[in-house]
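Read through the structure below, which is laid out as structure tokens, and then see the notes.
Residue numbers count from 1 along this sequence.
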Amino acid sequence: MELISASCKARATGTRRVIFHADDAWLARINSGEFPIFEQIKSALLAKSVACQLMKHGSKPADLALADPVAAHIMLGGPALFGPRILHLSQAPIWGFWYLDELGVGWQSSLRLSEFDSHLIDEERATYFFNGVSGYMLRENVSLEPQEHRMHGALQGAKATVFCQAQDRDTADAAYLTAEEMIRTAAEFDTTSTIYVKLSLDQSKDERRHVMAVTQDYPNVKLSEASVHDLVEASDLVITQNAAAGFEALMQKCPVITCAKSPYWHATLTAKTRADLREALEYGTLAMFDFPYEKYFYWSLVKHGFEPAKDVFAKRFLARLYDKTMWR
């Protein structure tokens with residue numbers, strides 16, 4: 001996909017085109033060929049005689065292209081942005097699935113504002129899908145971040161695992177509790193129970209140092225580099241702000257406590273205060289005992305997401321794009 005860096009090439013041409021607006025991280029990923037989805041989209045668009053271009057988010061050519069009354073725009077990274085022909089493409093919390101959203105990504109997406117009604121989801125289809133996806137991901141130790149080899153039950157049982165994440169502006173704007181508050185609350189809730197803490201590769205050195213310093217205040221808190229799947233398996237509950245690891249925990253039907261605005265809050269207990277978190281630690285397992293995890297997985301990843309590996313991907317992607325742009 002050609003990177004447009006000259007303003008003269010970004011001006012309106014009077015013909016349909018789809019422009020990807022990518023930040024530096026996404027530009028590097030696209031150039032590396034890490035994700036085949038972009039070539040799949042490009043091929044699907046070319047079959048419809050629609051040009052496909054790539055621009056750096058926030059650059060002069062990108063800002064100029066946004067004024068094109070015919071072009072459609074797909075944002076990769078960057079803040080939420082709404083417009084008549086703007087969509088946001090992002091990875092879902094489960095590897096191999098993607099979202100194409102009108103409002104933004106993560107907690108700023110329309111998914112957070114959508115209503116989950118389990119009665120509208122076919123149980124047989126949902127169960128088949130859930131078992132297939134979760135079985136593969138857990139068996140092959142697949143995650144969005146690289147994981148240590150599975151230990152399969154070797155970890156000591158724990159009351160909870162706290163999954164940390166980078167404290168960028170996006171996370172800070174959504175957070176109810178900080179990583180320190182989550183760790184201290186969990187550690188002090190039951191000083192005789194183990195609490196695991198897993199750092200994220202996206203965290204800065206200062207963030208990692210701070211979390212490590214907090215964990216040293218409690219003998220029952222253990223930093224762990226174990227696979228996210230092993231940590232979930234060993235824990236009664238999972239605590240996170242809105243990290244992808246929290247969604248991954250749903251594959252093992254582990255109760256999750258989210259401490260920030262989250263796109264998957266429908267399947268979790270939400271703690272807005274430390275008192276909320278203590279209550280969730282006390283009653284979370286019972287409260288989520290009969291939650292329909294299979295149906296939620298299907299609702300989030302199939303009804304709202306896309307799987308590029310499926311033959312129907314191009315058809316579904318184009319249908320969503322044309323519906324947004326009102327192209328005929």
Side-chain angles (χ1 to χ4, degrees), residues 91-97 127 129-166 179 182-203 205 207-259 264 267-269 277 280-281 284-285 288-289 291 293-294 296-297 301:
Q91 281 184 285
I94 300 298
W95 182 265
F97 292 86
T127 300
F129 174 77
F130 179 87
N131 290 341
V133 173
S134 62
Y136 175 80
M137 299 297 172
L138 297 176
R139 183 176 61 253
E140 301 298 327
N141 197 28
V142 179
S143 178
L144 293 185
E145 289 190 355
Q147 300 296 324
E148 293 292 324
H149 292 296
R150 293 293 308 270
M151 294 187 287
H152 297 291
L155 278 179
Q156 175 187 341
K159 177 63 179 179
T161 291
V162 178
F163 288 113
C164 299
Q165 62 197 90
M182 293 189 297
I183 294 169
R184 292 193 184 279
T185 304
E188 295 166 7
F189 175 78
D190 182 356
T191 57
T192 64
S193 295
T194 299
I195 302 295
Y196 289 119
V197 174
K198 185 174 175 67
L199 299 170
S200 170
L201 296 177
D202 293 335
Q203 288 180 281
K205 289 183 178 179
E207 289 172 355
R208 295 168 73 90
R209 289 194 192 101
H210 180 69
V211 170
M212 293 170 69
V214 172
T215 63
Q216 291 174 1
D217 290 341
Y218 303 96
N220 62 322
V221 176
K222 299 180 180 181
L223 278 171
S224 177
E225 296 182 353
S227 167
V228 58
H229 304 311
D230 281 327
L231 289 168
V232 172
E233 183 181 56
S235 302
D236 294 339
L237 303 108
V238 158
I239 305 170
T240 186
Q241 288 171 317
N242 55 24
F247 191 98
E248 290 178 300
L250 304 180
M251 290 191 291
Q252 299 188 57
K253 300 184 180 181
C254 180
V256 177
I257 306 169
T258 44
C259 302
Y264 58 90
T268 76
L269 299 168
L277 180 51
L281 285 165
T285 303
M288 299 299 290
F289 177 74
F291 183 81
Y293 290 100
E294 296 91 346
Y296 183 78
F297 226 61
L301 297 176

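Closest approach of L201 and P146 over heavy atoms only: CD1-CD, 3.7 Å. Across all non-hydrogen atoms, the minimal contact from L281 to A160 is CD2-CB, 4.4 Å. Between V133 and F97 the shortest heavy-atom distance is CG2-CZ, 4.1 Å. Considering all non-hydrogen atoms of both residues, A186 and I239 come closest at CB-CD1, 3.8 Å. Residues E248 and V142 share a closest heavy-atom pair of OE2-O, 4.0 Å. Residues I195 and K159 approach most closely at CD1-CB, 3.9 Å, considering heavy atoms.
Between R150 and E233 there is a salt bridge, since at least one side-chain N of the basic residue sits less than 4.0 Å from a carboxylate O of the acidic one.
Counting heavy atoms from C-beta outward, M182 and I257 have side chains that stay 4.5 Å or more apart. Counting heavy atoms from C-beta on, the side chains of F247 and L301 come closer than 4.5 Å.
Looking at D202, its side chain never comes within 3.5 Å of a backbone N or O of A166 through a donor-acceptor pair. D230 places a side-chain N or O within 3.5 Å of a backbone atom of H152 that can act as its donor or acceptor partner. Distance alone, capped at 3.5 Å, places no donor-acceptor pair between the E225 side chain and the E148 backbone. Remark: side-chain polar atoms of Q252 are not paired, donor with acceptor, to backbone N or O of V232 under 3.5 angstrom. Side-chain atoms of Y196 come within 3.5 Å of backbone N or O of Q156 as a donor-acceptor pair. Listed for the Q165 side chain is no donor-acceptor partner under 3.5 Å among the backbone atoms of S200.
Note that SG of C259 and CG of N242 are 10.0 Å apart. Values are rounded to the nearest 0.5 Å. Here the NE2 atom belonging to H229 is positioned 4.5 Å from the CE atom belonging to M251, to the nearest 0.5 angstrom. L231 CG to L155 CG: the interatomic distance, rounded to the nearest 0.5 Å, is 5.5 Å. Interatomic distance, T268 OG1 to L237 CG, rounded to the nearest 0.5 Å: 11.5 Å. Distance check: Y136 OH to L138 CG gives 12.0 Å after rounding to the nearest 0.5 Å. The CG atom of D217 sits 9.0 Å away from the CD atom of E188 when rounded to the nearest 0.5 Å.
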Take K253 and E294 through the test side-chain contact (heavy atoms from CB on, under 4.5 Å) and record every step on the way to the result. CA-CA 9 Å; K253 300 184 180 181; E294 296 91 346; 2.5 Å; yes
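Exactly one residue among L199, N220, L223 makes a side-chain contact (heavy atoms from CB on, under 4.5 Å) with T215. That residue is L223. Just one of F297, F289, F291 meets the ring pair (Phe, Tyr, Trp, His ring centres under 6.0 Å) condition when paired with Y293; it is F291.
Other residues, nucleotides and ligands contribute at most 12 non-hydrogen atoms within 6.0 Å of the CE atom of M212.
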